[in-house]
Amino acid sequence: MSSPVVTRFAPSPTGYLHIGGGRTALFNWAYARHTGGKMLLRIEDTDRERSTAEAIDAIIEGLTWLGLDWAGEPVSQYGRAERHRQVAEELLAQGKAYRCYCTPEELEAMRAKAEAEKRPIRYDGTWRDRTPSEAPAGVKPAIRFKAPQQGETVIEDAVQGRVVIPNKDLDDLIILRSDGNPTYNLSVVVDDHDMGVTHIIRGVDHLTNAARQIQIYRAMGWRVPHMSHIPLIHGPDGAKLSKRHGALGVEAYRAMGYLPEAMRNYLARLSWSHGDDEIFSTEQLVEWFDLDAIGKSAARFDFAKLENLNGHYIRHMPDDKLLMSFIDFLPHAEGGKAMKAKIDEAMMAKLLRALPGLKERAKTLVELKNGAQFLFAERPLPMDDKAQQIIKDGGAEVLAGVVPVLAQVSNWHAHDLETAVKSHAEAAGLKLGKVAQPLRAALTGASTSPGIFDVLEVLGREESLARLRDQASS
RNA sequence: GCGCCCUUCGUCUAUCGGUUAGGACGACAGCCUUUCACGUUGUAAAGACGGGUUCGACUCCCGUAGGGCGCGCCA
């Protein structure tokens, strides 16, 4: 029996949880679930300049919205700095690291020179073999890892396969800054080791870091975790979906009206697949998810497909559940707070009754919100351009004819209303559409809506007749 | 510049040497229809290029081109 799987999601809190991070978290989560293991959350906050408490909150909220959870409390990497320092000292004591007295300015000059001469940009090992006695006075040293210079470092990656990096291309990285703070590559290794992480699943942008980290694991005599470097998500143009290029935080997707279940389904299908399966539940994802089905090429983010998937989830969600999702969504939508304030028991009932007709027409919760607008509107109803046109083009007269008919319907239900309107249309020699559109315009203020008889029923007799009379010619 | 990775319809992908290269989104067309949708039927649409290996390559190897990632006292 092998030990239980431990994965981790380790974002740096320098901004919101972007969509690529969300998928990395999803893969870690799904793999942990699939194997009966657990996922840990570690906040990589060692960069004190850029890490913020707001970002931590945004990440946690984003993960929570996505429906991803983790075992235990989030770990602060910065909080473990003392331990990282100890490891750096240990490496130093063992001769596997050394003090480097180069100043940042010198290093910058070194890089500039290398670039100008079109040489690989690498630390030249100035202090690798010098003795501390040669140290310049007044310069605080950083500690560098003494990386092997010959041979190669092999990454056995579940996704990338066997990746071989020549050691000559990996220079001596700083593991402890001159101010005594550990750097990323050291902290990651120490934390993953101490936290018992068995499987590292992260973006391929960390692939070369993996090589350096493996060298540190070796130097410490620690076991190297299983690694999976997953492809990045690109924008529609093929370029990296970076923060600078319009990459959005998961909260933006929430505001755009996407359902977490749809996001999970969509994200799961980026660089991962299970045969021809396109739409599947999170339970199925957990059941099916495995590392060997992850592809190596980057995927482009496609809003059209996300939207299609989202529409599917909206349509198939039970009405009561959808209503709850809708109400939870409202505060995040434009003008949604005002709508939410209007939701009382009666409105809940109306929404629930209207939802079957509404959800067929909505691909996002924003569209659902817009579609439901007519339920919240108050007389006199605001009318959009098309609706006004319908009323003007003879609609008002049609309404004048049909209102008395509707007023006589004793049982105000869709079926009876339909019977009444249809026979009226027939008697008047009008096609049903000629009657339905004016009704729709007057009732909803728009030219599109759910089935008109359902609209009449949901609005109720009094409100319906009042709205119709507002627009009927006298 | 150096290193690593990638390349099947516009997009996401299936294919693990032998298929009429399949599915999904999107597009287009038809049907349904009180609007818009939904639903449904159908159509168009792909192995980057060039060499090998093989009886046989989308699949294996090499090269070319294009793309991505990395090369901080950032993570």
Side-chain angles (χ1 to χ4, degrees), chain A residues 10-14 44-47 49-51 77 100 102-104 107-108 111 114-123 140-144 155 157 160-161 163-166 168-171 173-179 181-185 187-188 203-209 211 229 231-232 234 236 238-240 266 269-279 295-309 311 315 357-363 367 371 386 390 418 421-422 425 431-437 439-441 444 446-453:
Chain A
S12 61
T14 54
E44 313 238 306
D45 52 357
T46 54
D47 185 339
E49 305 275 307
R50 297 195 295 160
S51 298
Q77 187 160 65
C100 170
C102 287
T103 64
L107 294 173
E108 184 47 48
R111 271 191 290 274
E115 195 170 356
E117 294 172 6
K118 304 212 181 234
R119 285 196 342 264
I121 302 162
R122 240 161 263 141
Y123 175 66
K140 278 202 166 175
I143 296 181
R144 282 185 188 269
I155 306 161
D157 195 283
Q160 301 295 327
V163 179
V164 181
I165 312 271
K168 65 176 172 55
D169 295 321
L170 268 14
D171 58 5
L173 78 176
I174 288 174
I175 53 177
L176 203 67
R177 297 181 176 95
S178 50
D179 67 2
N181 283 126
T183 60
Y184 169 76
N185 279 300
S187 299
V188 168
V204 265
D205 48 337
H206 285 288
L207 194 61
T208 35
N209 284 329
H229 288 89
L232 304 179
H234 288 176
K240 186 185 177 183
Y266 177 70
R269 286 287 290 100
L270 259 28
S271 294
W272 178 83
S273 63
H274 183 263
D276 281 339
D277 294 306
E278 294 288 348
I279 294 173
K296 293 165 89 168
S297 43
R300 297 185 188 199
F301 196 88
D302 181 13
F303 271 103
K305 188 157 182 179
L306 204 212
E307 199 156 287
N308 169 274
L309 222 37
R315 269 177 265 125
L358 251 19
K359 70 183 186 181
E360 287 296 317
R361 295 163 172 78
K363 290 206 269 301
E367 290 180 7
K386 284 181 184 167
I390 290 168
E418 180 168 357
V421 171
K422 276 189 173 165
K431 290 184 76 172
L432 186 51
K434 287 288 175 196
V435 182
Q437 279 307 83
L439 284 174
R440 194 182 319 278
T444 69
S447 58
T448 68
S449 81
I452 200 62
F453 305 112

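Below, chains carry the letters A, B, ... as their sequence lines are ordered, and counting in each starts from 1.
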Atom CG of A:Leu170 and atom P of B:G70 are separated, to the nearest Å, by 15 Å

So A:Thr208, base contact, sugar-phosphate only, or nothing? Heavy-atom distance under 4.0 Å. sugar-phosphate

Heavy-atom donor-acceptor pair, A:Arg122 side-chain to B:C71 base, under 3.5 Å: no

Watson-Crick/G-U partner (both atom distances under 3.5 Å) of B:G10: B:C25

Re B:C16: Watson-Crick or G-U wobble partner, both distances kept under 3.5 Å, found to be none

P spacing across the pair B:G47 / B:U11, given as an integer number of angstrom: 12 Å

Nearest-Å distance for atom pair CH2/P, residues A:Trp272 and B:A14: 11 Å

Rounded to the nearest 0.5 angstrom, the NE2-CG distance for A:His229 and A:Asn209 is 7.5 Å

Consider the side chain of A:Arg300, meaning its heavy atoms from C-beta on, and name the nucleotide among B:C5, B:C12, B:A75 that approaches it most closely. B:C12

Complementary nucleotide of B:U34, counting Watson-Crick and G-U pairs under 3.5 Å: none

Quickly work out the A:Leu270 CG to B:A14 P distance and round it to whole Å. 12 Å

Quick one: pull up CG in A:Leu306 and NZ in A:Lys363 and give me the separation to the nearest 0.5 Å. 12.5 Å

Identify which nucleotide among B:C4, B:C12, B:A75 has an atom closest to any side-chain atom of A:Asn209, counting heavy atoms from C-beta outward. B:A75

Between B:G68 and B:C73, how many Å separate the two P atoms, rounded to a whole number? 25 Å

Would you say the side chain of A:Ser12 lies within less than 4.5 Å of the side chain of A:Tyr184, judging by non-hydrogen atoms? no

For nucleotides B:U43 and B:G1, find the distance between their P atoms and express it as a whole number of Å. 49 Å

What's touching nucleotides 21-27 of chain B from the protein side, N or O pairs under 3.5 Å?
{"unit_1": "B:G22", "atom_1": "N2", "unit_2": "A:Asp276", "atom_2": "OD1", "d": "2.6"}
{"unit_1": "B:G23", "atom_1": "N2", "unit_2": "A:Glu278", "atom_2": "OE2", "d": "2.4"}
{"unit_1": "B:C25", "atom_1": "O3'", "unit_2": "A:Asn308", "atom_2": "ND2", "d": "3.3"}
{"unit_1": "B:C25", "atom_1": "O2'", "unit_2": "A:Lys305", "atom_2": "N", "d": "3.4"}

Nearest to side-chain heavy atoms of A:Val163, which nucleotide of B:A75, B:C36, B:C5: B:C5

Picking from B:C5, B:C4, B:U11, which would you name as closest to the side chain of A:Ile165? B:C4

Looking across every strand, which nucleic acid part, if any, lies under 4.0 Å from A:Ser51 by heavy atom: base, sugar-phosphate, or nothing? nothing

With rounding to the nearest 0.5 angstrom, report the CG to CZ distance, A:Leu358 to A:Arg315. 13.5 Å

Look at all strands and tell whether A:Cys102 reaches a base, only sugar-phosphate, or nothing, counting heavy atoms closer than 4.0 Å. base

Separation of B:C73 atom C1' from A:Asp47 atom CG, nearest Å, is 11 Å

For A:Ser273, report the nucleic acid contact type (base, sugar-phosphate, nothing); a contact means any heavy atom under 4.0 Å. sugar-phosphate

Which is more 5' along RNA chain B, the nucleotide nearest A:Ser297 or the one nearest A:Ala10? Just name the residue. A:Ser297

Using side-chain heavy atoms (C-beta onward) and a distance below 4.5 Å, is A:Arg361 in contact with A:Glu367? no

Protein and nucleotides 39-47 of chain B: nitrogen or oxygen contacts under 3.5 angstrom:
{"unit_1": "B:G39", "atom_1": "OP1", "unit_2": "A:Arg315", "atom_2": "NH1", "d": "3.2"}

Take atom CG of A:Asp205 and atom P of B:C5, then tell me their distance rounded to the nearest Å. 16 Å

Salt bridge check: are A:Glu278 and A:Arg269 linked by an N-O gap of less than 4.0 Å? yes

Which distance, rounded to the nearest 0.5 Å, do you find between the CZ of A:Arg440 and the CD1 of A:Ile390? 8.0 Å

Which part of the nucleic acid, if any, lies within contact of A:Leu207, taking any heavy atom under 4.0 Å across all strands shown: a base, the sugar-phosphate backbone alone, or nothing? sugar-phosphate

Pull out every protein N or O sitting under 3.5 Å from an N or O of nucleotides 31-34 of chain B, one pair per line with the distance.
{"unit_1": "B:U34", "atom_1": "O2", "unit_2": "A:Arg440", "atom_2": "NH2", "d": "2.5"}

At 4.0 Å (heavy atoms only), tell me whether A:Ser187 reaches a base, stays on the sugar-phosphate, or touches nothing. nothing

Given RNA chain B, 5'-ward residue of the pair A:Asp171 and A:Lys168, judged by closest heavy atom: A:Lys168

Any side-chain heavy-atom pair of A:Thr183 and A:Thr46 under 4.5 Å: no

Does the side chain of A:Pro450 reach to within under 4.5 Å of the side chain of A:Glu360, using non-hydrogen atoms? no

Tell me which nucleotide, if any, is Watson-Crick or G-U wobble paired with B:A45 when both distances must be under 3.5 Å. none

Nearest-angstrom distance, C1' atom, B:C16 to B:A21: 15 Å

Provide, to the nearest angstrom, the distance between the CD atom belonging to A:Glu44 and the C1' atom belonging to B:G72. 16 Å

Rounded to whole Å, the CG-P distance (A:Asp277 to B:C12) equals 19 Å

Taking the same atom, P, in B:G23 and in B:A14, what whole-Å distance lies between them? 15 Å

Taking only the P atom of each, what is the distance from B:U59 to B:A48 in whole angstrom? 8 Å

Nearest-0.5 Å distance, CD of residue A:Gln77 to OG of residue A:Ser51: 9.5 Å

Grab the two heavy atoms, one from A:Ile452 and one from A:Ala436, that are nearest each other, plus how far apart they are. CG1-O, 4.1 Å

Provide, to the nearest angstrom, the distance between the OH atom belonging to A:Tyr123 and the C1' atom belonging to B:G72. 14 Å

Quick check for you: to the nearest 0.5 Å, what is the distance between A:Lys422 atom NZ and A:Leu432 atom CG? 6.0 Å

Could you check whether A:Asp45 gets within reach of a base, just the sugar-phosphate, or nothing at all, counting any heavy atom under 4.0 Å? nothing

For A:Asp277 and A:His274, the nearest pair of non-hydrogen atoms, with its separation, is OD2-ND1, 2.7 Å

Student check: side-chain heavy atoms of A:Asp47 and A:Thr14 closer than 4.5 Å: no

Across the strands shown, which category fits A:Val435 at heavy-atom distances under 4.0 angstrom: base, sugar-phosphate, nothing? nothing

What's the gap between B:C9 and B:G50 when it is taken at their P atoms, as a whole Å value? 16 Å

Identity of whatever pairs with B:C73 - Watson-Crick or G-U, under 3.5 angstrom: none

Name the pairing partner of B:U59, where a pair is Watson-Crick or G-U wobble with both distances under 3.5 Å, or state none. none

Measure the shortest side-chain to side-chain distance between A:Val188 and A:Glu44 over non-hydrogen atoms and say whether it is less than 4.5 angstrom. yes

Centroid-centroid under 6.0 Å between A:Phe301 and A:Tyr266 rings: yes

Within the 4.0 Å heavy-atom criterion, would you say A:Ser447 contacts the bases, only the backbone, or no part of the nucleic acid? base

Separation between the C1' atoms of B:A27 and B:C69, rounded to whole Å: 33 Å

Could you check whether A:His206 gets within reach of a base, just the sugar-phosphate, or nothing at all, counting any heavy atom under 4.0 Å? base

